[in-house]
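These notes are about the structure you will find just below.
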Amino acid sequence: MARCRKCRKKADIFIPHHRLPLCDAHFKEWFEEYLERTIKKFKMFPKTAKVLVAISGGKDSLALWQALTNLGFDTEGVFIDLGIEDFSIISRRVSENFAENIGKTLHVVSLKKETGISIPDLKARTQKYCSLCGSIKRYLLNRFARLNKFDVIVTGHNLDDEASSLLGNTINWHLKYLARKYPVLPEGNGFVKKAKPLCRFTSFEIKEYARRQNIEFLEERCPLSPEATRLVYAEIMDELEKRMPGTKIRFYMDYLRKVYPIFNERVEEFLEKPLTTCEFCGEPSVSSPCFVCKLKAEAKA
Ligand code: FES
Ligand code: ZN
Ligand code: ZN
């Protein structure tokens, strides 16, 4: 094994993206420094911001919360309980244990309590439950952050997620997503600012950080999500990366630098309908009542 680039001791991890051999202590230092540099590079949020971390119980969100805590950011977590039986119970327990270990507050928002329905109820009604689930999570996160006056919502999306969804959106020319595919989205029109501080980290790097910080995280993915197409794009990106190392970061960063500004200039054109405010819940939406208030009304009927 090579020597650590920083202290010349025996390295015990090699980070292919950066061609960087590091020892355990310097890997932790590198991870946190690089996270802070990413936050600054994209002007995500200042040290004084009140940060809400969206927690799922998986490695990405917990590693992000741990690293932000180690860096001294002012954070609280929020867990959305989707009511997916054992999966939600276990991921909630893992998240609560973690919050207790780092001495931080974890809020729990229950989908069933908020709307009268759970994801399994939704699955019984529509095949589109998985994409609806994504929209509901974004809705609940935004609502919680807005009502509780957080400055920014951060999520654990990593480079692998971002590169494969960029590939999927490009292949299908989903311009409205491409025009908003940036690791920080500003606040405005009722939306709280959103950021993805792990967007330049690979899944491998995050897993290593989580493991070395002794974080107990849940490996299982949601048992209800079919994810078939998303997995295809992820596998293709992995294959490209294997054959041409550095492809993921280049594809993603070049998009942000060279293509995103062109699409973003015309973002309004790509939205299907203009935004308004839901007169029932006050959230930004393309219709009033918004889709969540409609679901609530249906659940009561
Ligand atoms: Fe939304 Fe599984 S997490 S359907
Ligand atoms: Zn070292
Ligand atoms: Zn509404």
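Indexing begins at 1, ligand by ligand and atom by atom, following the structure's order. Every value quoted in this text rests on a predicted model; they were computed, and no experiment measured them. Numbering starts at 1 and runs along the sequence shown.
Inside a sphere of radius 2.8 Å centred on the Zn ion (ligand 2), the protein N/O/S atoms present are Cys4 SG, Cys7 SG, Cys23 SG, His26 ND1.
Of all protein heavy atoms, the one lying nearest to atom 1 (Fe) of ligand 1 is Cys133 SG, 2.1 Å. Nearest protein neighbour of atom 3 (S) of ligand 1, counting heavy atoms only, is Lys137 NZ, 3.5 Å.
By the 6.0 Å contact criterion, CZ on Arg212 is enclosed, its count of non-hydrogen atoms from other residues, nucleotides or ligands being greater than 12.
Checking Lys59, Arg200, Lys248, Lys207 one by one against Asp160, the salt bridge (Lys or Arg N to Asp or Glu O under 4.0 Å) holds for a single residue, Lys248. Under the ring-ring contact (aromatic ring centres under 6.0 Å, His included) test applied with Trp30, the options Phe14, Tyr209, Phe201 reduce to a single match, Phe201.
With sequence neighbours excluded, the residues satisfying side chain to side chain donor-acceptor pair (under 3.5 Å) with Lys181 are Glu162, Ser165.
Under the 4.0 angstrom criterion for non-hydrogen atoms, Arg221 is not in contact with ligand 1.
Between the SG atom of Cys278 and the SG atom of Cys281, the angle taken at the Zn ion (ligand 3) works out to 100° after rounding to 10°. Considering the Zn ion (ligand 3) as centre, the angle to SG of Cys293 and to SG of Cys290 is 110° (10° rounding).
Between the side chains of Gln213 and Asn70, a donor-acceptor pair is found at a separation under 3.5 Å. Side-chain contact check for Glu76 and Thr105: no donor-acceptor pair (N or O, by modelled atom type) lies under 3.5 Å.
Of the possible polar contacts, one joining the Arg5 side chain to the Arg19 backbone as a donor-acceptor pair under 3.5 Å is found.
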